[in-house]
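Okay, structure first, notes after.
Sequence lines set the chain letters: A, B, ... in the order given, protein chains first and strands last, and positions in each chain run from 1.
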Amino acid sequence: MTALTPVLWLYFQNGRAKYQESTTFMLVMIGIVLSLVLVYFYELAKQAPLMEVAAEYQTGSLLDSLYLLGYLIIGAALYAHRKHQDWSYAVVANAMEPS
Amino acid sequence: MRDSNADNVVDQVWSTALDKITKPGDLPSGRPALGDQMDLAAAQAGTAALLATVPAFNKLLYNSGYAASARNTYLILRRLGMPADFFWKYEQWNPKRALDTLDKIVSKVFTTMLSKQHVGVLKLTAADPVTNRFEVSFESCAECSGLHAHDPMCFFHAGSFAGMLAAMLDHEFDAWEVECVALGAAACRFEIGERTDRQTQTRWGRWADEFTYAFEPAARFQEDLDGETVRELGETVDIGYYQMLLASTVLTNMEVVERSCLDAGRNIGTKLADIVRERFGADPQEAVPAFYRRLRYASLDVTGLDSGEASGFRVVVSEAPEHLGVLESSALVPFLSGELEGMLSALTGRDLALATTDVDGHDLVLRYAPS
C-alpha cells in the first residue's frame, strides 16, 4: 500500500498535467483500489491477522462498510463519468449567459 | 521570437470580446460618438491590401490567427469552467458523438462570440475522430464578404478555426479553405486535418503557396457607401473583431509589417481620394472627417497648417479602433496614418508625409508635412 499510493499520486498528477486522463476515470480506479486494499488498513488498525479479520465480512461490521465505500466510489464515479459532459456543458452554457 | 507583451494585448482583446457577451453591463462603450460597430469595408481594407501586395502575408495571417485562437480558445474554455478532460479519448468516439459534442461547444461559445461581433456564422459540419478530419462552414464571413477573388482568401479565419480545434482536442491541425464567398459561394467552407497528415500538408501547402489576389479598394468602398447588401449579417462589424485582427496579425509582427502597412495604407488612401472628393467635397478638412465618420471608423478633426514650408495638416483622431481600449498604448496606427497620408496627398495634389505622431489624452495627433 505504501508503494501504491505515490504511484497513484504520480499517475494522477501526470494525467492532469497533460490533460490526457479523466478525473472520473481516475475516481473509478481509486474506488477499485480502495475496495481491494481497505481490508489491509483494517487489519493494521485492528492489529489482527487477515484470516481473523476476513471472518468479519458480511456480518454488518465496519469492514463491510469500508468494502461498500469502495464500491460506492466506483458507482458514483461511473455515474459522474456518464454525466460528465452534460454537467460540464451546462456549466459552460451557464457561464455564457449574460450576468 | 514572439513578443509576449503583444500576446498579452491580443489575449486582452479576446477576453474583452467574451466579456461583451457574459458581462454586457460592465463594459461601457469605448466609442460614445460612433458606437461599437464599424463598416465592414473599413475592417477588410487593411488585410486585403496587405494580401494583395506583401508576399507570404497570407501565411503570416494564417499563423497569427492560429496562434491567437489556439491560446485564447484554451483560456476562454477554462474561464467558462470547461474541465480539461471534456474531450477525453475523443479519438475513440463514434463520428456522430464527436460531431454532436464538438458542435455543441463550438455553437455555444464560438458561434455566439462571432455572431455577436457580426463576424460570421460558424457551424461544424463534419467530424471524423478516427482520421482527425473536420469541416466547418462560415456564413456571412467578415473577411471576404463583398470582396472578389480568384482563390479562397480567408486565411485569418482558416488559422483561427484550426487553432480553435487544436486547443480543444490537443492536436496540431491545419485548415484550408475549399469554398469562399469571395468566389461566389453561399458560405466559406474549410476542411481541417491533422498537421502531420501528408494530405493535409499537400492541400494546405497548395492553397497557401498558389494564392494570388488583387484588391480593388475603390470598388469595395463605392459599394459600401452606396449601402449595398453584401451579406445577411449586415454591413457592419464589431470593432472588437477589427481589434482582434489587428492585434493578432500586425501587433505581433510589427517589425515585419509596419512599413508594409504604411505603404498599403498610403496606396488605399490615394485610390480612395477620388471617391472622397466626389461624395464629400474637395476640402480635405471637411471631406476626410466626413468619410471616416460615414464609415464609423473614427472621428477626425483635420486642420490646415499654413506656416510656410511646414504647411500641411494636423489630424486629431478620436475613437479609432487601433487606438482604443487595450490597444491604446500599442502604437498600432501605421495603416491608418498611411491611409491619411495618401488621401491628403491626393486631395491636395501635394506630396505629404507623416511628420510626427503624438498622443493627447485618448486622442492621436498626426501631423502631415510636405515630404
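- For B:Thr22, the parts lying under 4.5 angstrom from a heavy atom of chain A are both the backbone and the side chain.
- Going from atom CZ of A:Phe25 over to atom CG of B:Asp85 covers 12.0 Å, rounded to the nearest 0.5 Å.
- Under the 3.5 Å distance criterion, the side-chain polar atoms of A:Gln85 are matched with a main-chain donor or acceptor of B:Phe86.
- Expressed to the nearest 0.5 Å, how far OG of A:Ser88 lies from CG of B:Leu77 amounts to 11.0 Å.
- Scanning all heavy atoms of the two residues, the minimum distance from B:Ile21 to A:Met96 falls at CG2-O, 3.6 Å.
- Side-chain contact check for A:Val92 versus B:Val109: some heavy-atom pair is nearer than 4.5 Å.
- Atom OH of A:Tyr71 has 12 or fewer neighbouring heavy atoms from other residues, nucleotides or ligands inside a 6.0 Å radius.
- Residue A:Asp86 holds its CG atom at 5.5 Å from NZ of B:Lys104, rounded to the nearest 0.5 Å.
- At a 4.5 Å heavy-atom cutoff, the contact between B:Leu18 and chain A is made by side-chain atoms alone.
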